[in-house]
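All figures in this text were calculated on a predicted structure; none of them were measured in a lab. All heavy atoms count here, side chains included; hydrogens, waters and symmetry mates do not.
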Amino acid sequence: MNYTFQFGTVIDHFPDLLAGAALTIRLSALTMVFGLAIGMACAVAKAYGPRPLRWLATSYIELIRNTPFLIQLYFVFFALPHLGVRLSPNNSALLAMVINLGAYSAEIVRAGVESIPHGQIEAGRALGLRPIQIVRFLILFPALKAVYPALTSQFILVLLGSSIVSAIAADELTAVANTLNSQTFRSFEIYTIVTLMYVVIVFGFRAIFTSIYAFAFARRG
């Protein structure tokens with residue numbers, strides 16, 4: 001093997017990779033927050049909402065879960081401008097990721113919602129709890145606790161899948177790596193560093209998820 005390793009070339013561009021990693025983290029974090037909010041709303045609507053709302057939530061979930069994420073991304077970035085909605089590559093990436101996670105998290109949360117015994121809800125009504133209190137304390141909280149491991153796994157998949165948004169030139173980590181590769185042709189060094197950066201990011205998010213579980217669920221039984 002005559003290949004000469006030149007990690008110095010990558011180190012010189014490390015600030016660019018860090019900027020890409022920062023955008024990856026920001027896109028993933030915002031997607032988790034807004035995607036989960038959409039997922040919870042759709043799960044409750046599908047389980048307890050009126051028929052039109054259930055139909056709307058089901059249509060959205062089935063449409064997104066049965067189409068490739070890349071096509072959803074292209075639709076947001078290339079098709080919406082024809083309707084007058086023009087977004088930057090980064091904002092298009094965020095919107096597509098939120099829409100995608102919303103559908104998948106809805107099904108995960110719904111599984112948790114449907115595991116709640118109906119008698120528990122009836123007991124809440126008998127105690128005089130308002131509907132919003134029943135949804136918050138007797139439905140969503142125990143449902144989220146039950147499906148928390150599945151949700152965090154889905155969040156990690158979203159984080160790793162964020163590399164796909166490099167297809168529309170969003171400036172996240174993979175896109176920056178591809179640009180550096182085309183400029184330096186140091187593929188082995190660049191993608192070795194990027195691989196390690198993704199591992200560090202994932203471990204960081206897993207640590208955060210563990211802390212959130214300990215704070216929000218474990219201490220409350």
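- A heavy-atom distance below 4.5 Å is not found between the side chains of Ser59 and Leu56.
- Phe203 forms part of a hydrophobic cluster together with Val199, judged by ILVMFWY side-chain heavy-atom separations under 4.5 Å.
- Interatomic distance, CZ of Phe77 versus OG of Ser88, reported as 8.0 Å (0.5 Å rounding).
- Leu159 CG to Leu101 CG: the interatomic distance, rounded to the nearest 0.5 Å, is 11.5 Å.
- Put simply, the side chain of Val200 does not reach to within 4.5 Å of the side chain of Met197, judged on heavy atoms.
- Residue Leu127 qualifies as enclosed at atom CG: its count of foreign heavy atoms under 6.0 Å is above 12.
- One finds the OG1 atom of Thr184 at 9.5 Å from the CD atom of Gln6 (value rounded to the nearest 0.5 Å).
- In summary, the side chains of Thr9 and Asp12 do not present any donor paired with an acceptor at a separation below 3.5 Å, with no hydrogens or angles considered.
- Using a distance-only test at 3.5 Å, with no hydrogens or angles considered, a donor-acceptor pair links the side chain of Ser105 to the main chain of Gly102.
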_Let's go through Leu173 and Leu23 carefully: what are the C-alpha distance in whole Å and the side-chain angles of both, what is the deciding distance for side chain to side chain contact (heavy atoms under 4.5 Å, CB included) to 0.1 Å, and is it a yes or a no?_
CA-CA 7 Å; Leu173 181 55; Leu23 180 60; over 6 Å; no
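- Judged by distance alone, the side chain of Tyr60 and the main-chain N or O of Ala103 form a donor-acceptor pair under 3.5 Å.
- Taking the side chain as every heavy atom from C-beta outward, Leu94 and Arg26 never approach each other to under 4.5 Å.
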Would you tabulate the side-chain donor-acceptor contacts of residues 30-54 under 3.5 Å, counting partners in other chains and residues two or more places apart, or write 'none'?
| unit_1 | atom_1 | unit_2 | atom_2 | d |
| --- | --- | --- | --- | --- |
| Thr31 | OG1 | Leu27 | O | 2.6 |
| Lys46 | NZ | Glu107 | OE1 | 3.3 |
| Arg54 | NH1 | Gly49 | O | 2.7 |

*Worked verdict on Leu151 versus Phe209 for side chain to side chain contact (heavy atoms under 4.5 Å, CB included)*: CA-CA 10 Å; Leu151 270 179; Phe209 294 148; over 6 Å; no
*Under the side chain to side chain contact (heavy atoms under 4.5 Å, CB included) criterion, do Ile116 and Leu138 qualify, and how do the steps go?*
CA-CA 8 Å; Ile116 305 299; Leu138 300 184; 5.7 Å; no
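- Contact annotation: the side chain of Ser163 approaches that of Tyr198 to within less than 4.5 Å [non-hydrogen atoms, C-beta and beyond].
- Taking 4.5 Å as the limit, some side-chain heavy atom of Ile168 sits within range of a side-chain heavy atom of Tyr74.
- Without hydrogens or angle criteria, Thr58 side chain to Trp55 main chain gives no donor-acceptor distance under 3.5 Å.
- Rounding to the nearest 0.5 Å gives a distance of 10.5 Å between NE2 of His13 and OG1 of Thr179.
- Side-chain rings of Phe205 and Phe155 stay apart, their centers remaining 6.0 Å or farther from each other.
- More than 12 heavy atoms of other residues, nucleotides or ligands shown are found within 6.0 angstrom of CZ on Phe78.
- At a threshold of 4.5 Å between side-chain heavy atoms, the hydrophobic network of Ile, Leu, Val, Met, Phe, Trp and Tyr places Ile156 and Val147 in one connected group.
- A heavy-atom distance below 4.5 Å is not found between the side chains of Val10 and Leu180.
- Between Leu17 and Ile193 there is a side-chain heavy-atom pair separated by less than 4.5 Å.
- A donor-acceptor pair under 3.5 Å links the side-chain atoms of Asn90 to the main chain of Asp171, judged by distance alone.
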*Worked verdict on Ser166 versus Glu172 for side chain to side chain contact (heavy atoms under 4.5 Å, CB included)*: CA-CA 7 Å; Ser166 62; Glu172 50 73 58; 3.2 Å; yes
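- Taking the ring centroids of Phe141 and Phe137, they lie at or beyond the 6.0 Å cut-off.
- Counting heavy atoms from C-beta outward, Asn91 and Leu95 have side chains that stay 4.5 Å or more apart.
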Which pairs would a plain distance check flag for residues 64-73, meaning a side-chain donor or acceptor within less than 3.5 Å of a matching protein atom at least two apart in sequence or in another chain?
| unit_1 | atom_1 | unit_2 | atom_2 | d |
| --- | --- | --- | --- | --- |
| Asn66 | ND2 | Glu62 | O | 2.7 |
| Asn66 | ND2 | Glu62 | OE1 | 3.1 |
| Thr67 | OG1 | Leu63 | O | 2.9 |
| Thr67 | OG1 | Ile64 | O | 3.4 |
| Thr67 | OG1 | Gln72 | NE2 | 2.9 |
| Gln72 | OE1 | Asn100 | ND2 | 2.9 |
| Gln72 | NE2 | Ile64 | O | 2.9 |
| Gln72 | NE2 | Thr67 | O | 3.0 |

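- Interatomic distance, Ser28 OG to Ile201 CD1, rounded to the nearest 0.5 Å: 7.5 Å.
- The hydrophobic cluster containing Ile99 does not contain Leu157, counting ILVMFWY residues as joined when their side-chain heavy atoms lie under 4.5 angstrom apart, directly or transitively.
- One finds the OG1 atom of Thr192 at 8.0 Å from the CZ atom of Phe5 (value rounded to the nearest 0.5 Å).
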